[in-house]
2 protein chains.
Amino acid sequence: MENASERTSVGAAPPPAHPRPEGQDRYAISEVAAFTGLTAHTLRWYERIGLMPHVDRSHTGQRRFTNRDLDWLGFVGKLRLTGMPVADMVRYAELLREGEHTFEARQELLEATRRDVRTRIAELQDTLAVLDFKIEFYAGARRVPERPSA
Amino acid sequence: MENASERTSVGAAPPPAHPRPEGQDRYAISEVAAFTGLTAHTLRWYERIGLMPHVDRSHTGQRRFTNRDLDWLGFVGKLRLTGMPVADMVRYAELLREGEHTFEARQELLEATRRDVRTRIAELQDTLAVLDFKIEFYAGARRVPERPSA
DNA sequence: TAGAACCTTCGAGTGCACTCGAAGCAAGCG
DNA sequence: CGCTTGCTTCGAGTGCACTCGAAGGTTCTA
């Protein structure tokens, strides 16, 4: 259950993500800020709004992030790139916290997200085609400049 | 120069875009709003901030958008999808207004944009891979449920 | 000729995702 | 022991891209 290839905690964890330096499992908030590029402020804010599936604390109350948390933050970072609203990510985090009986809901949510991402990719490829077209036009215009005198 | 396959005005115009209904060339603001999904407010705002390369007016001062303007708005819509800040689009619009000697600058701007778009696509594809992985995990977990009793 | 659509200018409001600072205190480390 | 880091709560500020409304007027269309 510890080294199983699937740790369900973060809903399964693919490749790492951010530069994961040390080989341990209890990071201070400043370290996490450094690895992720987020500020401590933002990390606390994520927790406040329910975007972090329970962060551990030291016996004196200081946050101790685990590698799992870093995985999660990596995933959140990816979702952010897709333009997914934070509220939706919070929803997914809630499902995780609620346990196994939310598997189906989680899967559906991920599938919906995947559809969105595919749509966004298609849109961007469309845009890319337009850009290619215009760039090609400019390139052509410059190959045949305005009647070189003589 | 009129039916040339390249009308340089919008920096070359690829396929149309939004539902282009009528066959004419002078649209009222309400029509443009309907075609593009933007509000009249937003269209006037675009003009104010310099995002429209000069919109025609009727002899009484009402805006008369042309097909070219619609093409431009279509292009702007695409750029918006890429997350390009409005200020950058304004920059491109400025270059257009400044005439032929900005060809090179325009081309460079478009090329930089294209690089961005490609990067975004790569990021999204990365995200897609993560989503695929997780969805696959959930699908697997559901195929092998938690020890069916009996 | 009435009502709808347009114009201008001005300025305030919205939603999102942070982002920051301050106050007042507890803990870690060198 | 002192300095850095961390904790909490609170609340204000930022940047972007709209978005809306109102006032006061002109123009268009049926």
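Just so it is clear: chains get the letters A, B, ... in the order the sequence lines come, proteins before strands, and each one is counted from 1. A quick note: this is a predicted structure, and the numbers were derived from the prediction, not measured.
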> Of all heavy-atom pairs between A/Leu124 and B/Val117, which one has the smallest distance, and what is that distance?
Replying inline: O-CG1, 3.7 Å

Has the side chain of [X] got a donor or acceptor atom that lies under 3.5 Å from a matching backbone atom of [Y]?
{"X": "A/Asp25", "Y": "A/Thr66", "result": "no"}
{"X": "A/Thr102", "Y": "A/Ala105", "result": "no"}
{"X": "B/Thr119", "Y": "B/Arg115", "result": "yes"}

May I ask you to say whether [X] pairs ionically with [Y], meaning some side-chain N is under 4.0 Å from a carboxylate O?
{"X": "A/Glu136", "Y": "B/Arg114", "value": "no"}
{"X": "A/Glu47", "Y": "A/Arg44", "value": "no"}
{"X": "B/Asp56", "Y": "B/Arg63", "value": "no"}

> Looking for any heavy atom pair under 4.0 Å, which part of the strands does B/Arg48 touch: base, sugar-phosphate only, or nothing?
Replying inline: nothing

>> Classify B/Ala28 by what it touches in the nucleic acid, base, sugar-phosphate, or nothing, heavy-atom distance under 4.0 Å.
In response: sugar-phosphate

Close N or O pairs between protein and nucleotides 26-28 of chain C (under 3.5 Å):
from   : atom 1 : to      : atom 2 : distance (Å)
C/dA27 : O3'    : A/Thr60 : OG1    : 3.2
C/dG28 : OP1    : A/Thr60 : OG1    : 3.2

> What integer distance in Å separates B/Leu43:CG from C/dA5:P?
Replying inline: 16 Å

> Which is the 5'-most and which the 3'-most nucleotide of DNA chain D that has an atom under 4.0 Å from a heavy atom of chain B?
Replying inline: D/dA17 to D/dC28

> Under the salt bridge (charged side-chain N to carboxylate O under 4.0 Å, His left out) rule, what pairs show up with a residue in residues 80-92 of chain B, not counting sequence neighbours?
Replying inline: B/Arg91-B/Glu94

> With nearest nucleotides of DNA chain C determined for B/Ile29 and A/Ala87 from heavy-atom distances, which residue corresponds to the more 5′ nucleotide?
Replying inline: B/Ile29

> A/Arg44 or B/Pro85: which one's nearest nucleotide on DNA chain D is closer to the 5' end?
Replying inline: A/Arg44

